[in-house]
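Naming convention: chains lettered A, B, ... in sequence-line order (proteins, then strands); numbering from 1 in each chain.
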Amino acid sequence: MSKKTPMREQSPDVRKRNFNEVALGYTLEEAVAEAQRCLQCPTHPCVSGCPVGIDIPGFIRELREGRLEESYRILKSYNNLPAVCGRVCPQEVQCEFRCVVGKMKDSEPVAIGRLERFVADWAAENLEEKVEESAGQRKEKVAIVGSGPAGLTAAADLAKIGYNVDVFEALHKPGGVLVYGIPEFRLPKRIVEREVNYIEKLGVRIFLNTVVGKTIKVKDLLEEYDAIFIGTGAGTPKFMGIPGTNLNGVYSANEFLTRVNLMKAYLFPDYDTPVRVGKRVAVIGAGNTAMDAARSALRLGAEKVYIVYRRTENEMPARREEYHHALEEGIEFLWLTLPVRYLGDANGNVEAMECVRMELKGVDRSGRPKPVPVEGSNFVLEIDMVIEAIGQGPNRVLLSEFPGLELNERGYIKTDRDTGATSVRGVFAGGDIVTGAATVIEAMGAGKRAAQFIHSYLSGEWDPWQK
Amino acid sequence: MNEIVVKKRLAFDVFDFWVHSPSISKEAKPGQFVIIRLHEKGERIPLTVADTKPEEGLFRMVVKVVGKTTHELSLRKEGDTILDVVGPLGNPSEIRNYGRVLLVGGGVGIATLYPIAKALKNSGNEVVAVLGARTKDYLIMVDEFKEISEVFLVTDDGSAGMKGVVTDAMDRLFREGSFDVCWAIGPTIMMKFCTLKAMEYGVPIWVSLNPIMVDGTGMCGACRVTVSGQMKFACVDGPEFRGEEVDWDELLKRLAQYREQERISYERFLKTAGETK
Ligand SMILES: Cc1cc2nc3c(=O)[nH]c(=O)nc-3n(C[C@H](O)[C@H](O)[C@H](O)COP(=O)(O)OP(=O)(O)OC[C@H]3O[C@@H](n4cnc5c(N)ncnc54)[C@H](O)[C@@H]3O)c2cc1C
Ligand SMILES: Cc1cc2nc3c(=O)[nH]c(=O)nc-3n(C[C@H](O)[C@H](O)[C@H](O)COP(=O)(O)OP(=O)(O)OC[C@H]3O[C@@H](n4cnc5c(N)ncnc54)[C@H](O)[C@@H]3O)c2cc1C
Ligand code: SF4
Ligand code: SF4
Ligand code: FES
């Protein structure tokens with residue numbers, strides 16, 4: 001058996017018009033069959049590819065033997081959000097990339113992510129989650145700013161140790177990018193809700209609609225809590241800044257995805273928030289965010305969706321799996337293409353986009369092939385909606401209200417890599433607000449590490465701020 | 001939390017709410033706003049904090065009915081709660097002692113102007129207010145303004161005060177006396193013309209922009225406006241900017257971008273809902 005057990009999916013023709021989950025998951029038989037592909041390597045290189053070091057052969061072994069509950073316990077002891085990671089982790093560059101089976105000729109690695117998802121989903125349906133409210137056994141209080149994967153993970157781990165944990169979230173729903181960014185068809189929101197419920201059962205209190213720096217002053221937080229973890233993410237959208245950016249119909253991916261996911265604009269007018277339904281849509285950029293935006297635009301009813309990228313398929317940062325899904329759904333990729341301006345009608349609506357063709361010459365500072373414009377290759381593409389998905393910067397609200405917090409040259413929070421300690425005593429940070437836009441599992445890893453060191457700090461065992 | 005403690009009708013389509021929220025009433029400064037969402041299916045809409053009573057944990061919002069969400073809010077009664085209220089958002093107004101200040105408020109913008117007027121007065125400024133509306137019946141908060149400033153009323157039909165538009169009153173006041181700075185808050189088109197008028201007399205002017213917003217924390221860019229040729233996010237960089245620097249025509253176009261959907265949503269709602277009350 002050299003290939004992964006395939007996972008059932010909605011067919012492209014059907015799914016491109018609905019927001020239901022694309023991948024349907026394994027049956028028990030399929031999961032066990034896939035689990036049997038694992039060689040249970042003594043050296044298990046897969047584990048070192050996982051940012052939270054899950055005991056991969058362990059959970060697969062239990063699954064193979066039919067001990068699903070035990071399998072789930074193993075997963076959950078490393079990863080608070082297995083149902084999420086099993087779906088959205090870039091496994092092909094992490095755990096599965098290192099898998100021995102994948103290194104054999106004509107062979108694919110063990111589908112670790114799909115198995116993780118299977119076990120987590122099985123547990124959600126079959127296990128009465130027995131959580132003991134552990135928070136409150138210790139007297140110290142910890143504040144968590146931001147309820148993305150970094151904040152939720154830090155909160156859960158600290159609550160398990162017995163701390164009083166309060167999470168503050170600016171939006172009206174917890175989950176960060178998991179609820180406002182990643183679409184329903186890749187990560188159903190009920191899964192995030194389930195994980196959040198679990199964390200609340202541990203005794204963590206979540207305060208929504210609370211912008212730290214505005215609703216609560218940083219000074220008050222520092223006074224009231226013994227330690228603080230900041231996981232505010234990299235949510236500030238970047239714009240290309242070309243002429244016509246403020247025409248109607250030009251969106252940041254964040255705005256578009258927030259309207260669609262968090263505000264459920266795809267159910268308008270049943271839900272109140274509107275979003276433009278473009279006929280011919282151009283999405284700029286080729287990361288995960290771009291794929292999500294393009295596929296969402298298609299599901300809203302677009303006739304034609306382009307992904308416009310200045311490099312080529314080889315440099316594209318998106319996960320392969322999502323790229324293939326996008327291709328199957330009929331999204332057209334314009335490689336080596338850069339928009340230079342948007343053109344609008346008299347009412348300020350975008351109606352076309354002027355682009356220039358690019359070629360790759362040499363390498364840029366990041367070591368990637370450098371795209372340069374081909375002189376005289378400009379052309380105009382008719383479109384009625386544009387979504388820019390070209391990257392994000394640090395969330396600013398908190399940073400501008402936090403005196404003494406040192407930032408790096410890119411505007412992210414400076415921390416000690418191993419511990420998450422910032423320049424301010426008792427304050428830790430992790431996730432996208434430290435690394436820049438990265439992944440769910442890396443944010444969780446950072447939350448986990450910080451929780452450990454917050455514990456050492458509060459136990460009086462360790463104090464990096466001591467002079 | 002978020003209970004409507006007091007509700008009054010100030011004009012035909014303008015409602016006055018005092019809402020319970022200790023944190024907002026404690027932290028809000030003049031010029032800041034909240035974002036509310038009425039129910040699970042609701043839209044997030046920004047509304048200015050028009051006043052606060054920190055001792056009682058209350059803040060005030062004055063709302064003009066213009067579409068589905070504001071209409072739905074107008075039907076809420078005392079004792080009802082609002083599902084989500086987040087704030088205070090945005091930057092406070094630049095309050096200091098300027099000397100003599102002209103405040104121009106139009107329509108529901110008068111409410112936004114009110115806490116700013118109070119704060120300016122308390123900082124030792126001499127304040128003069130021009131309050132404008134379509135007719136007498138649409139003028140709000142006149143008595144409250146009279147307690148803190150000299151007041152000039154302007155209506156389109158002359159049913160109260162001077163007949164004309166607020167810029168006519170500005171003309172008169174600028175000719176009669178000198179002002180160190182002015183504020184104009186109201187419909188975008190009004191703020192644009194107030195800006196042109198202030199520039200004519202060389203008086204610096206602050207305006208409070210009201211672009212369409214979603215999160216209000218700088219995360220989406222829906223509220224982007226062009227100020228001095230640069231992209232600004234009104235929710236975190238504003239909402240107040242110097243009027244002279246704003247690209248007004250762009251803002252006016254952006255405000256109209258969901259007109260069609262707003263109409264669909266409102267008409268659908270009006271079929272089931274009653275009149276405002
Ligand atoms: C569209 C999209 C698709 C993605 N797809 C994938 C994928 O498939 N796989 C993957 O691994 N990664 C993916 N990512 C990246 C991943 O989602 C992020 O790396 C991860 O969510 C970062 O987690 P975080 O906890 O650091 O921050 P976030 O998830 O950004 O959460 C931060 C939270 O903090 C809140 N906040 C900010 N400021 C304040 C404040 N002052 N007070 C209170 N709360 C505040 C925000 O509202 C937000 O809820 C994707 C990202 C996007 C945008
Ligand atoms: C910072 C700020 C402060 C404001 N303060 C007040 C106030 O104190 N009192 C008051 O009555 N109004 C205020 N507004 C305007 C108020 O937010 C809109 O009237 C309201 O959103 C309309 O919603 P609707 O569903 O009733 O109408 P809709 O039919 O949805 O819209 C009517 C018009 O309102 C504007 N609008 C629609 N959605 C939004 C949105 N999400 N954000 C901003 N504008 C929108 C558009 O121009 C639209 O054409 C403020 C706006 C901003 C940005
Ligand atoms: S959490 Fe992600 S990287 Fe770790 S084992 Fe699961 S899928 Fe692989
Ligand atoms: S490397 Fe692959 S085969 Fe080996 S233990 Fe890990 S998952 Fe199993
Ligand atoms: S409202 Fe989203 S950035 Fe201002």
Side-chain angles (χ1 to χ4, degrees), chain A residues 169-173 180-181 207-211 213-217 220 232-239 241 245-259 262-265 267-277 344 346-349 388 392-393 395-398 400, chain B residues 1-2 21 23-24 26-28 32 34-45 67-69 72 83-90 214-226 230-231 233 235-237 247 249-254 256-258 260-262 264-265 267-269:
Chain A
E169 168 55 50
L171 294 172
H172 59 259
K173 281 217 163 62
Y180 79 73
F207 296 88
L208 301 174
N209 295 315
T210 307
V211 186
K214 297 279 184 190
T215 315
I216 298 186
K217 286 275 142 54
D220 296 340
T232 48
T236 306
K238 289 192 180 137
F239 286 92
T245 301
N246 290 356
L247 287 168
N248 292 339
V250 180
Y251 285 92
S252 73
N254 267 13
E255 179 187 351
F256 176 70
L257 290 170
T258 301
R259 284 178 180 274
L262 182 71
M263 306 310 297
K264 300 216 187 313
L267 299 173
F268 179 89
D270 215 25
Y271 279 68
D272 293 342
T273 305
V275 68
R276 176 177 293 235
V277 177
N347 295 323
N349 291 307
E388 290 197 359
Q392 338 251 88
N395 268 11
R396 291 181 288 170
V397 207
L398 175 75
S400 58
Chain B
M1 273 282 273
N2 308 340
S21 171
S23 49
I24 294 172
K26 172 167 163 259
E27 298 294 344
Q32 292 189 295
V34 295
I35 285 191
I36 68 156
R37 192 175 71 127
L38 287 175
H39 50 74
E40 256 327 297
K41 297 184 175 180
E43 187 175 9
R44 292 170 66 97
I45 68 158
K68 154 115 204 256
T69 308
E72 217 174 347
L83 181 62
D84 298 303
V85 180
V86 55
L89 300 170
V214 184
D215 61 299
T217 64
M219 197 198 75
C220 76
C223 63
R224 61 194 192 272
V225 288
T226 303
Q230 286 183 328
M231 184 192 292
F233 289 3
C235 68
V236 286
D237 300 322
D247 182 338
D249 295 337
E250 178 186 280
L251 176 59
L252 283 164
K253 285 178 185 160
R254 285 186 66 79
Q257 65 176 316
Y258 296 106
E260 187 52 26
Q261 281 119 315
E262 284 156 4
I264 293 170
S265 177
E267 282 175 3
R268 191 168 175 267
F269 175 73

Residue from Gln32(B), Glu262(B), Glu260(B), Arg37(B) scoring the most non-hydrogen pairs under 4.5 Å with chain A is Arg37(B)
Comparing Thr217(B), Val236(B), Leu38(B) against chain A, the one with the most heavy-atom pairs below 4.5 Å turns out to be Thr217(B)
Closest heavy-atom pair, Thr273(A) versus Gly42(B), reported as atoms and distance to 0.1 Å, is OG1-O, 4.1 Å
### Query
Looking only at atom types and distance, does a side-chain atom of Glu250(B) sit under 3.5 Å from a main-chain N or O of Asn246(A), one as donor and one as acceptor?
no
Looking only at Val85(B), Ile264(B), Ile24(B), Asp215(B), most heavy-atom pairs under 4.5 Å shared with chain A are made by Val85(B)
Between Asp84(B) and Lys173(A) (salt bridge meaning N to carboxylate O under 4.0 Å), is one present in this structure? no
When every non-hydrogen atom of Thr245(A) is compared with those of Arg224(B), the smallest separation belongs to O-NH2, 2.7 Å
Honestly, the part of Glu40(B) sitting under 4.5 Å from a heavy atom of chain A is both
Residue from Met231(B), Gln261(B), Lys26(B) scoring the most non-hydrogen pairs under 4.5 Å with chain A is Gln261(B)
*Would you call Arg44(B) and Asp272(A) a salt bridge, taking side-chain N to carboxylate O under 4.0 Å as the test?*
no
In short, Gly218(B) meets Pro237(A) closest at the heavy-atom pair O-CD, 3.8 Å
When the 4.5 angstrom heavy-atom criterion is applied to Asp270(A) and chain B, the contacting part is both
Is Ser252(A) reaching over with its side chain to a backbone N or O of Cys220(B), donor-acceptor style, under 3.5 angstrom?
yes
When the 4.5 angstrom heavy-atom criterion is applied to Thr226(B) and chain A, the contacting part is both
- salt bridge (Lys or Arg N to Asp or Glu O under 4.0 Å) assessment of Asp237(B) paired with Arg396(A): CA-CA 10 Å; Asp237(B) 300 322; Arg396(A) 291 181 288 170; 3.7 Å; yes
Look at the side chain of Lys253(B) and the backbone N and O of Leu247(A), then say whether any donor-acceptor pair between them is shorter than 3.5 Å.
no
Bottom line for Phe256(A): the part with an atom under 4.5 Å from chain B's heavy atoms is neither
In this structure, CZ of Phe207(A) is separated from OG of Ser23(B) (nearest 0.5 Å) by 10.5 Å
Applying a strict 4.5 Å limit to non-hydrogen atoms, the region of Thr236(A) in contact with chain B is both
The interface call for Ala346(A) against chain B, heavy-atom contacts under 4.5 Å, is backbone
* To do: Kindly indicate whether the side chain of Glu43(B), heavy atoms from C-beta on, has any atom under 4.5 Å from the side chain of Tyr271(A).
  => no
Of Asn349(A), Thr210(A), Asn209(A), the largest count of non-hydrogen pairs under 4.5 angstrom with chain B goes to Asn209(A)
So CZ of Phe268(A) and OH of Tyr258(B): to nearest 0.5 Å the spacing works out to 10.5 Å
Do the side chains of Glu27(B) and Lys214(A) get close enough for a salt bridge, i.e. N-O under 4.0 angstrom? no
From the list Arg276(A), Lys217(A), Lys264(A), Gln392(A), the residue making the most non-hydrogen contacts under 4.5 Å with chain B is Lys217(A)
Max heavy-atom pairs within cutoff under 4.5 Å with chain B, candidates Gly348(A), Gly213(A), Gly235(A), goes to Gly235(A)
Honestly, the part of Ser400(A) sitting under 4.5 Å from a heavy atom of chain B is neither
If one checks every heavy atom of Asn2(B) against chain A at 4.5 Å, the contacting part turns out to be neither
Given the options Val397(A), Asn254(A), Thr232(A), Met219(B) meets side-chain contact (heavy atoms from CB on, under 4.5 Å) only with Asn254(A)
Whatever's closer than 4.5 Å to a heavy atom in chain A on Arg254(B) counts as both
Q) Do Val86(B) and His172(A) come close enough that some side-chain heavy atom pair is under 4.5 Å? A) no
